[in-house]
2 protein chains.
Amino acid sequence: MSIERRTTRQKEAIKAVLEEQDGPLLPDDIHRLAIKVVPSLGIATVYRSLKNLQAEGQVCCVEIPGQAPRYERSDKGHHHHFHCRDCGQVFDLQKCVAGGLKNLAPPGFEVIDHEIILYGTCKACLS
Amino acid sequence: MSIERRTTRQKEAIKAVLEEQDGPLLPDDIHRLAIKVVPSLGIATVYRSLKNLQAEGQVCCVEIPGQAPRYERSDKGHHHHFHCRDCGQVFDLQKCVAGGLKNLAPPGFEVIDHEIILYGTCKACLS
DNA sequence: GATCTATTGATAAAAGGTAATCAGTATCAA
DNA sequence: TTGATACTGATTACCTTTTATCAATAGATC
């Protein structure tokens, strides 16, 4: 049987941050935002909560090559990401051009999944 | 003025490994392969050589999310990669369907570069 | 061959991110 | 309210990858 869960201000604050955010966030980002609600919040609790939320399927992990894992709500459906090389922020993309991707693989290879990452400058950094 | 370079068995072995390999390799892979030619080769020398080759533009870095950087010759032109979830090996893809990718970004965003990674099972692991 | 010094290999140590520890706190059922 | 215990926060430990250190080795030039 699974462990009894309790509702805490800390977990609620972390979930709220992930809820209202568009793109994926670093554990450190989440900490910095959630600390506004629960000032005593420790980074260890952020890692613990993310691990639990991920196990429960509420949150999923987004990895940009060469960077630490980010986390976002898992109810957003299939999508990809844009990484701004100026501010470092990661944004969600709406559409996915996966059609034709499978043809990229060599003959005899089975494609199960794919990842597309766009790099560039976001709107805010351009202006 | 730049530092005088010397030709060594170690550097030649590392370059040869990168030369005859198709996909990108981990420093550890390179070490394991080059050691067959120069048994005394240390891992530090692999890192040092990769750093130099990269600075000279002969080698470039390939990053798969959540994994250590791999390295490959930089004379292969624009291409992407296939990561086999079974054996962990990374393969080069020939074509690139970049057309239409720019449209994925939100209005006002400038796309400079992109990355496409296919995940699945390679031919060898399927059979 | 002799000399200079770039390079090497073994090792220690750094860096970054994450997990373990543990005493104290707070939740929730009774 | 009380009691059992899940949770927290501070800190330390950890893990993996990469870099620094340094004495010894070995290219390149004369």
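Just so you know, these numbers come straight off a predicted model, no measurement behind them. The basis for the numbers below is simple: all heavy atoms, side chains too, and nothing from hydrogens, waters or symmetry mates. The sequence lines fix the lettering, A, B, ..., with proteins before strands; numbering per chain opens at 1.
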Worksheet item: Taking atom P of D/dA26 as reference, at what distance in whole Å does atom CD of B/E12 sit?
Response: 17 Å
Fill in: Rounded interatomic separation in angstrom, taking CD1 from A/I14 and P from D/dC7
12 Å
Response to the item:
Of the listed C/dT7, C/dT18, D/dT18, the closest approach to the B/P69 side chain comes from D/dT18
Worksheet item: Can we say B/K76 and B/E72 salt-bridge, meaning some charged N sits less than 4.0 Å from an Asp/Glu carboxylate O?
Response: yes
Response to the item:
Taking every heavy atom of B/K11 against every heavy atom of B/R6, the minimum-distance pair comes out as NZ-O, 2.6 Å
Worksheet entry | Donor-acceptor contact below 3.5 Å, side chain A/E63 vs main chain B/G66 | yes
Discussion item. Please report the distance, rounded to the nearest Å, between CD in B/Q67 and P in C/dG17.
Written reply: 18 Å
Response to the item:
By side-chain contact (heavy atoms from CB on, under 4.5 Å), A/P27 pairs with (sequence neighbours left out) A/V46, A/Y47, A/L50, A/Y71
Item to complete: Please state whether the rings of A/Y119 and A/H83 are parallel, tilted or perpendicular, taking 30° and 60° as the class boundaries.
Response: perpendicular
Discussion item. So if I define the base as every atom that isn't primed, P, OP1 or OP2, how would nucleotides 10-15 of chain C read as a B/S/- string at a heavy-atom cutoff under 4.0 Å?
Written reply: B-----
Practice prompt. Grab the CD-P distance between B/E63 and D/dT17 for me, whole Å please.
Written response: 13 Å
Worksheet item: Is A/D22 atom CG crowded by more than 12 heavy atoms from other residues, nucleotides or ligands, each under 6.0 Å away?
Response: no
Discussion item. In whole Å, I'd like the distance from the CZ atom of A/R5 to the C1' atom of D/dT8.
Written reply: 14 Å
Worksheet item: Looking at B/R5 and B/E56, does any basic side-chain N land under 4.0 Å from a carboxylate oxygen?
Response: yes
Output one line per pair: protein atom, nucleotide atom from nucleotides 23-27 of chain C, and distance, for all N/O pairs under 3.5 Å.
unit_1, atom_1, unit_2, atom_2, d
C/dT27, O2, A/R6, NE, 3.4
C/dT27, O2, A/R6, NH1, 2.7

Worksheet item: A/L50 CG to C/dA19 C1': how many Å, rounded?
Response: 13 Å
Worksheet item: Can you name the nearest heavy-atom pair linking A/L26 to A/P69, along with the distance?
Response: CD2-O, 3.7 Å
Practice prompt. Mind calculating the distance between CG (B/N52) and P (D/dT19) to the nearest angstrom?
Written response: 11 Å
Worksheet item: Within the structure, does a side-chain N or O atom of A/Y47 lie under 4.0 Å from either OP1 or OP2 of C/dT18?
Response: yes
Discussion item. Using the ring centroid of each side chain, check whether B/H78 and B/H114 are separated by less than 6.0 Å.
Written reply: yes
Worksheet item: Within this structure, what is the NZ-to-P distance between A/K51 and C/dG17, rounded to whole angstrom?
Response: 18 Å
